[in-house]
2 protein chains.
Amino acid sequence: MTSDRLIYLPLGGAGEIGMNAYVYGYGKPGEERLILVDIGVTFPDMDGTPGVDLILPDITWLKERRNQLEAVFITHAHEDHVGAVGHHYESLGAPIIARAFTANIARGKLSEYGIPDKAVRTASAWPEQVSFGPFKVGFLPISHSIPESSALVIDTPAGRVIHTGDFKLDANPLVGEAFDPDLWAEVARPGVRALVCDSTNVFSPAPGRSESTLGPNIQALIASAPGMMVSTTFASNVARVKTLAEAADRAGRSVCLLGRAMRRMIEASIETGVLTDFPKVVSPEDAQSIPRENLMLIVTGSQGERRAASAQLARGKYLGFEMKEGDTFLFSSKTIPGNEKGVIRIMNAFSEKGVEIVDDNGGMYHVSGHANRPDLERMHQIVDPQMVIPMHGEHRHLREHAKLAKSLGREGIIAVNGTMLDLSGNAPTVAEYVETGRTYLDGSTQIGAMDGIVRDRIRMALNGHVTVTVIIDEDDEPLGDPWCDVMGLAEMGRSRAPLVDVMEEDLSQFLNRAGQATLTDDDKLGEALRRVVRQTAQDEIGKKPEVTVVVSRLS
Amino acid sequence: MTSDRLIYLPLGGAGEIGMNAYVYGYGKPGEERLILVDIGVTFPDMDGTPGVDLILPDITWLKERRNQLEAVFITHAHEDHVGAVGHHYESLGAPIIARAFTANIARGKLSEYGIPDKAVRTASAWPEQVSFGPFKVGFLPISHSIPESSALVIDTPAGRVIHTGDFKLDANPLVGEAFDPDLWAEVARPGVRALVCDSTNVFSPAPGRSESTLGPNIQALIASAPGMMVSTTFASNVARVKTLAEAADRAGRSVCLLGRAMRRMIEASIETGVLTDFPKVVSPEDAQSIPRENLMLIVTGSQGERRAASAQLARGKYLGFEMKEGDTFLFSSKTIPGNEKGVIRIMNAFSEKGVEIVDDNGGMYHVSGHANRPDLERMHQIVDPQMVIPMHGEHRHLREHAKLAKSLGREGIIAVNGTMLDLSGNAPTVAEYVETGRTYLDGSTQIGAMDGIVRDRIRMALNGHVTVTVIIDEDDEPLGDPWCDVMGLAEMGRSRAPLVDVMEEDLSQFLNRAGQATLTDDDKLGEALRRVVRQTAQDEIGKKPEVTVVVSRLS
């Protein structure tokens with residue numbers, strides 16, 4: 001008889017930053033009862049995923065075992081942790097468990113899919129624990145850049161696992177619970193089998209700074225700003241939004257929030273009691289009558305997103321507001337790698353309007369929400385686990401974090417998405433490799449990452465597209481001339497005649513020479529025409545376009 | 001009678017970083033004799049310019065005045081200064097003037113277009129000056145991240161202008177001439193009307209550091225690396241390549257250069273006498289027999305370029321080399337904004353192989369080639385010009401640099417591409433706005449940035465593409481059923497039938513109802529069919545594709 005085992009299986013978030021989805025299981029191999037921790041999304045880009053709306057983890061493995069799944073726990077309300085809860089809820093068929101603020105956001109996402117609020121159960125913080133099958137799970141408060149972020153204390157017959165979620169060690173996070181080292185030490189005292197730990201900032205050598213260090217800097221900046229003051233930050237960073245609002249308030253400025261996400265997050269914070277004393281805000285309409293030197297806008301779009309409030313303000317008038325010479329725009333944020341061009345575009349647009357642009361200025365106006373290297377060391381020491389499993393990081397982060405764990409005398413292992421670890425022994429071992437991947441939300445449908453749809457889009461973007469139409473009559477002879485339509489290609493090339501004319505001429509010549517074997521076989525004919533068009537385009541304009549050949553037969 | 005004037009007109013490089021092209025003119029308005037300083041390129045990306053090979057400044061204004069153009073001066077051999085010399089040479093029809101190293105590189109570019117070497121004249125450094133029309137121009141040595149970078153001393157009847165080119169103030173640049181403040185002061189002594197000045201690093205608050213500060217750090221790193229050592233940097237940063245090679249040499253490692261650009265730059269440096277004592281290099285073939293701990297590769301691809309040596313090594317075996325556990329890869333470079341994802345992709349690929357990755361580590365292994373804010377201040381003070389014209393920067397850099405000039409008590413003005421300044425008076429004034437822009441080298445042709453070709457590519461990438469084919473018979477009735485082909489779209493949507501079938505069904509229904517007025521008018525019919533297909537796709541998959549409609553008439 002095989003004995004029960006404790007497994008860990010990242011389906012997303014390990015080997016990448018984004019779309020977190022971590023499975024834990026306990027039981028006989030293949031029959032484990034399962035829980036899922038987080039179910040997030042990641043964002044598409046023009047480079048690799050043009051036209052895609054959202055990227056979701058491929059959770060086929062879990063769907064095929066939905067009868068083993070007990071519950072889904074959400075550590076906090078960032079998109080990369082909760083964003084896919086609506087898309088995947090029905091196929092998982094398990095209850096969602098989260099603390100009040102996170103539950104509020106999750107319910108909002110589920111309601112877009114017509115799923116009732118009761119799908120999400122609100123949990124209290126540690127020491128409460130909820131039982132599902134062999135698991136007893138508690139939400140252990142930890143500081144991060146969003147309210148009520150929690151680590152999960154996962155008790156199993158094989159011992160205690162602590163899954164940190166995203167965290168920093170902030171003794172004064174302004175909104176939400178401070179990191180409490182005594183509480184954590186107490187939780188760790190009975191012994192911890194595995195610490196599954198955020199790796200994002202493992203390459204940052206200095207200890208992390210507290211959210212509370214920013215207030216005085218922001219206040220000084222706002223107090224000295226002559227015109228309208230506008231600040232952007234992540235909407236979910238409620239503490240930062242509050243710091244910005246309070247600094248404005250102290251400087252005698254009315255606060256106006258712009259952007260759907262900004263209002264949604266503040267509402268959720270107030271509804272759930274996370275935020276109690278936020279300065280009074282004015283509506284965009286009321287703000288119009290306030291002198292600009294008495295106004296502070298707090299807006300979405302810190303990453304340069306084209307449709308967010310920052311980008312709208314950069315382009316021109318937005319909801320009656322228009323930035324101008326003497327105004328100040330503060331990025332109380334850092335730019336996530338890949339978003340630089342969008343952010344720079346906005347900075348230059350503001351510069352053209354004569355607006356003062358202030359970025360985080362080496363940390364004066366922004367602190368990270370993740371634990372830096374010395375903080376990770378401290379976490380390892382406080383929890384003192386038998387093994388450390390780095391998560392929430394690209395491969396290089398996981399590798400560095402595993403090395404760090406080993407340098408501190410503990411077992412560490414790199415487990416990227418699809419690596420099922422057996423945590424039952426003295427050291428983690430790889431039990432199995434599971435196929436994982438991504439699916440794309442594309443318009444209103446889901447498409448696979450590997451099914452060639454997006455690849456075809458990228459090819460059209462790189463190479464342009466030609467449609468070739470040929471009519472074949474009842475006698476298998478071409479009727480009239482072939483026809484070309486192009487999209488995304490130069491109109492004229494080497495021979496100084498329209499590209500379309502040259503292609504049609506070459507196709508005509510080919511058809512005149514073509515034998516019955518070609519003309520009677522659609523596949524053969526299509527392939528031959530495609531080849532002619534690509535060769536002609538290559539000669540004329542130096543590009544090989546994508547080609548759609550339509551052969552219409554009158555027979 | 002109108003009097004002569006001195007004009008400055010950036011056609012590229014002002015309001016952007018890239019594709020530098022600055023015109024100076026002297027004479028009666030509209031009849032000025034002209035010189036062009038630099039003629040560079042900028043690089044395309046998937047976001048805005050998919051499929052494009054290179055972006056060039058649109059120099060139509062200058063082409064229309066080619067009979068007024070005296071000469072083209074190249075300050076240094078970076079792509080954003082010399083990259084378009086081959087493409088634009090014929091249409092400009094003026095001699096190219098550059099110092100030996102730059103001339104060597106320019107000749108290589110011209111030879112690709114079959115243009116003979118003599119198109120480029122080699123100039124000596126200051127105090128030599130060459131005369132063209134009303135201009136006397138000298139190449140004043142200045143340090144930068146490539147050999148023989150030079151400022152231009154442009155003497156005109158209206159006084160002396162100093163065009164800095166790209167520069168830093170390095171007293172010990174290792175390769176090439178050090179910045180010589182005494183020489184610069186001497187050149188400035190007669191009085192300088194305008195300093196046209198690099199703005200790239202105006203936001204960097206600390207004084208720039210010398211290239212010579214890196215050697216000891218790099219040496220220590222290489223000495224402690226256990227396996228194969230691989231370093232990447234810009235190939236044109238010959239001083240850095242030398243520093244890397246010498247550090248390897250001292251550590252008892254043989255040096256092997258990988259990447260066409262790397263070998264080209266070192267060859268040009270040796271040919272022109274810029275580089276005299278470069279350590280002996282081994283060929284990739286000979287390197288195979290050298291133990292990896294005795295080997296150092298210096299490779300191209302510091303910006304994550306997919307086809308460069310770094311990316312090839314990250315993907316697997318390249319020219320017989322394969323990175324593995326225990327090897328070290330050093331980025332002796334910084335990542336240019338926009339290239340982050342490509343660089344990170346390589347880092348993670350190396351991480352998966354167990355390779356130690358070392359980045360610039362906060363400046364330990366890389367220094368910038370541009371003057372920081374305090375260096376700019378020093379430059380303003382040494383030259384003490386009547387006016388400062390910031391160039392080589394995005395709008396935000398130009399704006400900040402103009403503010404800096406004013407704060408130091410000098411005239412400063414923001415002049416973006418297309419802004420013609422009159423420099424004849426006590427302060428710069430805007431004389432005219434000239435239409436400027438970009439053209440794209442696309443395959444073997446040039447296309448306009450605004451002619452819709454690239455826009456169509458982007459739309460196909462975002463929305464996918466549908467081809468609709470309909471045959472109309474001699475009686476203006478549809479013959480058979482309409483036909484759809486899709487590319488880059490989900491195969492199935494809301495109604496769980498193939499998308500193509502649903503579209504064809506809707507098109508059939510439309511055609512059955514369509515009246516003669518529609519069926520006899522190709523434009524009307526095409527537009528109607530396009531609308532049907534887009535609506536059906538929207539209903540089925542939530543996307544509105546690009547559509548090509550082909551109506552074939554048998555009449």
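Values reported hereafter were calculated over all heavy atoms of this structure, with side chains retained and with hydrogens, waters and symmetry mates removed.
- In this structure, chain A has a heavy atom under 4.5 Å from the backbone of B/Glu540, while its side chain stays farther away.
- If you measure heavy-atom distances from A/Val466 to chain B, you find no contacts under 4.5 Å at all.
- Within the 4.5 angstrom heavy-atom criterion, only side-chain atoms of B/Lys403, from C-beta onward, approach chain A.
- For B/Asp45, the part lying near chain A is the side chain, with the backbone staying farther off; criterion is any non-hydrogen pair under 4.5 Å.
- With chain A as the partner, the residue from B/Met347, B/Met460, B/Lys341 showing the most heavy-atom pairs under 4.5 Å is B/Met460.
- In terms of modelled atom types and a separation under 3.5 Å, the side chain of A/Arg494 and the main chain of A/Asp539 share a donor-acceptor contact.
- Heavy atoms from other residues, nucleotides or ligands lying under 6.0 Å from CZ of B/Arg455 number more than 12.
- In this pair, B/His465 and A/His465 present their aromatic rings tilted. The plane angle is within the 30 to 60° band.
- Between chain A and the residues B/Ala490, B/Gly51, B/Ser351, the most heavy-atom pairs under 4.5 angstrom are made by B/Ser351.
- Of the listed residues B/Ala349, B/Gly15, B/Gly354, B/Gly342, the one with more heavy-atom pairs under 4.5 angstrom with chain A than any other is B/Gly354.
- Listed for the A/Glu340 side chain is a donor-acceptor partner under 3.5 Å among the backbone atoms of A/Gly338.
- Between chain B and the residues A/Ile344, A/Leu479, A/Asn463, the most heavy-atom pairs under 4.5 angstrom are made by A/Ile344.
- Residue contact with chain A, scored on non-hydrogen atoms closer than 4.5 Å, involves the backbone of B/Val355 exclusively.
- Counting heavy-atom pairs closer than 4.5 Å to chain A, the top residue among B/Ser552, B/Gly443, B/Gly542, B/Gly488 is B/Gly488.
- Other residues, nucleotides and ligands place no more than 12 heavy atoms under 6.0 Å from the OH atom of A/Tyr433.
- Around atom CZ of A/Arg315, more than 12 heavy atoms belonging to other residues, nucleotides or ligands sit under 6.0 Å away.
- With a 4.5 angstrom heavy-atom cutoff, B/Ile458 touches chain A via backbone and side-chain atoms both.
- Ranked by heavy-atom pairs under 4.5 Å with chain A, the list B/Asp456, B/Thr445, B/Leu462, B/Asn348 is led by B/Asn348.
- Heavy atoms of B/Leu554 lying under 4.5 Å from chain A belong exclusively to its side chain.
- The CD atom of A/Glu394 lies 9.0 Å from the CZ atom of A/Phe203; values are rounded to the nearest 0.5 Å.
- The CD1 atom of B/Ile357 sits 9.0 Å away from atom CE of B/Met323, with the distance rounded to the nearest 0.5 Å.
- Heavy-atom pairs under 4.5 Å with chain B were tallied for A/Ser444, A/Pro337, A/Gly48; the largest tally goes to A/Ser444.
- For chain A, the nearby part of B/Ile471 is the side chain; its heavy atoms alone come within less than 4.5 Å.
- For the side chain to side chain contact (heavy atoms under 4.5 Å, CB included) with A/Pro44, the qualifying choice from A/Leu441, A/Ile55, A/Val454 is A/Ile55, the only one to do so.
- Contact count against chain A (heavy-atom pairs under 4.5 Å) is highest for B/Val550 among B/Val550, B/Asp53, B/Ile447, B/Asn339.
- Heavy atoms from other residues, nucleotides or ligands lying under 6.0 Å from CD of B/Glu491 number 12 at most.
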